Amino acid sequence: MSINIAITKGRLEQETVKIFEKAQFDIDELKNKGRKLIFQDKSNLYKYFLVKGADAITYVEHGVADVGIVGKDTLIESDLGYYELMDLGVGRCKFIMASLPNTEVLNAERHIKIGTKYPVVAKKYFQSKNMDVEIIKIEGSVELAPLLGLCDAIVDIMETGTTLKENGLIVIDEICNISARVIVNRASFKLKQKEIEDFLDKVRKVL
Ligand SMILES: Nc1ncnc2c1ncn2[C@@H]1O[C@H](COP(=O)(O)OP(=O)(O)OP(=O)(O)O)[C@@H](O)[C@H]1O
Ligand SMILES: O=P(O)(O)OC[C@H]1O[C@H](OP(=O)(O)OP(=O)(O)O)[C@H](O)[C@@H]1O
């Protein structure tokens, strides 16, 4: 039986291609893909398709994909039903809380607004600090929001720290580490156990 693999497109796609190449999967078509979104491996063992991270989780949940490659950030944000079976150790970054210097956020007595692409993560984080904050959902360029006064601080991903630095923001707190994970549909893990374990073994060997 072949395995359907949902790969998060963008940064994680590039890292996944490198790993799959080392594992000697047939990914030539995926490497030179143009605008195509679905690829069949010549061996017929694997079928790959490219989607946004949150959609990769949806495809895995519904069993349309047996396996998904998704960032831990996206997994924490939409914690649903699947098995998380492997840390690929790529796509490493951190969730951080950041603001302009001299902004009181933690311990502030006033009404605090937080801009973020990750409302669930931000809410959980401030709940753990016993703080009731207003969350403002932003789709991208999150670092801009405190500069323009939309919010007091942001919860976002930091990799090199360049985006924060170039926009004059500082890290107030590190929330947790992030990396790409392999998730598996629960029913597929039973029905295609051998195929999925073979896939995981091949990947594990090259990490
Ligand atoms: N510097 C980084 N910024 C954002 N995500 C990163 C970074 N480094 C690794 N990642 C991981 O890559 C995943 C995909 O991020 P990417 O920016 O490619 O897509 P995206 O967040 O959906 O952005 P877009 O909406 O621009 O496609 C993230 O979920 C995260 O796990
Ligand atoms: O610490 P750095 O290495 O600078 O990386 C962090 C930046 O990368 C991501 O943005 P992305 O490039 O995905 O663009 P976006 O703002 O449109 O989400 C993230 O949201 C930060 O803005």
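This structure is a prediction, so every number in the text was calculated from the model and none was measured. Each ligand, and each atom within it, is numbered from 1 in the order the structure gives.
Looking at atom 4 (O) of ligand 2, its nearest protein heavy atom turns out to be T163 OG1, 2.4 Å. The closest protein non-hydrogen atom to atom 4 (C) of ligand 1 is R11 NH1, 3.3 Å. If you check which protein heavy atom lies closest to atom 1 (N) of ligand 1, you get E159 OE1, 3.0 Å. The single protein non-hydrogen atom nearest to atom 22 (O) of ligand 1 is K52 NZ, 3.7 Å, given as residue, atom name and distance. Scanning the protein for heavy atoms near atom 19 (C) of ligand 2, the closest one is D156 OD2, 3.5 Å. Nearest protein heavy-atom contact of atom 12 (O) of ligand 2 is R11 NH2, 3.0 Å. The shortest contact between atom 12 (O) of ligand 1 and any protein heavy atom is with L12 CG, 3.5 Å. In terms of protein heavy atoms, atom 2 (P) of ligand 2 is closest to T160 OG1, 3.4 Å. The protein heavy atom nearest to atom 21 (O) of ligand 1 is K117 NZ, 3.3 Å. Protein heavy atom closest to atom 5 (O) of ligand 2, with residue, atom name and distance, is E159 N, 3.7 Å.
When heavy-atom distances to ligand 2 are checked against a 4.0 Å cut-off, E143 comes that close only through its side chain, counted from C-beta outward.
The CE atom of M158 lies 6.5 Å from the CG atom of L164; values are rounded to the nearest 0.5 Å. Between the CD atom in E77 and the NZ atom in K124 there is a gap of 8.0 Å [rounded to 0.5 Å]. Once rounded to the nearest 0.5 Å, the distance linking CD1 of I112 with CZ of F126 reads 7.5 Å. Separating the CG atom in N130 from the CG atom in D132 is a distance of 10.5 Å, to the nearest 0.5 Å. From E174, atom CD reaches atom CD1 of I96 across 8.5 Å, with rounding to the nearest 0.5 Å.
Cluster membership check: V67 shares its hydrophobic cluster with L200, using side-chain heavy-atom separations under 4.5 Å among Ile, Leu, Val, Met, Phe, Trp and Tyr. Cluster annotation: I5 and M86 are assigned to the same hydrophobic cluster (Ile/Leu/Val/Met/Phe/Trp/Tyr, side-chain heavy-atom contacts under 4.5 Å, transitive). Tracing side-chain contacts under 4.5 Å through hydrophobic residues (I, L, V, M, F, W, Y), one never reaches I154 starting from L144; they form parts of separate clusters.
Of the protein's heavy atoms, at least one falls inside 4.0 Å of atom 8 (O) of ligand 2. Taking a distance limit of 4.0 Å, we find that atom 16 (O) of ligand 2 is approached by some protein heavy atom. The nearest protein heavy atom to atom 19 (O) of ligand 1 is not closer than 4.0 Å.
At a 3.5 angstrom cut-off on N or O pairs, D73 counts as close to ligand 1. The shortest N or O to N or O distance between K72 and ligand 1 is not below 3.5 Å. Residue contacts with ligand 2: I157 is placed with no nitrogen or oxygen under 3.5 Å of a nitrogen or oxygen of the ligand (distance criterion only). The shortest N/O to N/O separation between R92 and ligand 1 does not fall below 3.5 Å. Taking any N or O of E139, backbone or side chain, none lies under 3.5 Å from an N or O belonging to ligand 2.
Counting atoms of ligand 2 from 1 in the listed order, those under 4.0 Å from a heavy atom of S141 are 15 (P), 16 (O), 17 (O). Atom numbering of ligand 1 starts at 1 in the shown order; those under 4.0 Å from a heavy atom of I157 are 2 (C), 3 (N), 4 (C), 5 (N). Proximity to T74 (heavy-atom distance under 4.0 Å) selects the following atoms of ligand 1: 29 (O). Close approach to G71 involves these atoms of ligand 1, each under 4.0 Å from a residue heavy atom: 31 (O). Within ligand 2, the atoms closer than 4.0 Å to a non-hydrogen atom of M158 are 1 (O), numbered from 1 in the order shown. Ligand-side atoms of ligand 1 in range of G91: 9 (C), range being under 4.0 angstrom from any heavy atom. Contact atoms of ligand 1 toward G10: 18 (O) (distance under 4.0 Å to a heavy atom of the residue).
In summary, the side chains of D87 and S179 do present a donor paired with an acceptor at a separation below 3.5 Å, with no hydrogens or angles considered.
The shell of residues lying under 4.0 angstrom from ligand 1, judged by heavy atoms, excludes G140. Residue K117 places a heavy atom less than 4.0 Å from ligand 2. Not a single heavy atom of E166 sits closer than 4.0 Å to an atom of ligand 2.
Salt-bridge check for K117 with D73: failed, with every basic side-chain N at 4.0 Å or more from each acidic carboxylate O. In this structure, K18 does not pair ionically with E21, as no charged nitrogen and carboxylate oxygen lie closer than 4.0 Å. A salt bridge links K194 with D198: the closest approach of a Lys/Arg side-chain nitrogen to an acidic carboxylate oxygen falls below 4.0 angstrom.
Side-chain rings of Y48 and F20 approach one another, their centers coming within less than 6.0 Å.
E61 contributes a side-chain N or O that, together with a main-chain N or O of G81, makes up a donor-acceptor pair within less than 3.5 Å. E134 places no side-chain N or O within donor-acceptor distance of the main-chain N or O of I114, the cut-off being under 3.5 Å. Under the 3.5 Å distance criterion, the side-chain polar atoms of N4 are left unmatched by any main-chain donor or acceptor of D66.
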Derivation and outcome, side chain to side chain donor-acceptor pair (under 3.5 Å), residues R186 and S188: CA-CA 6 Å; R186 287 179 176 160; S188 303; over 6 Å; no
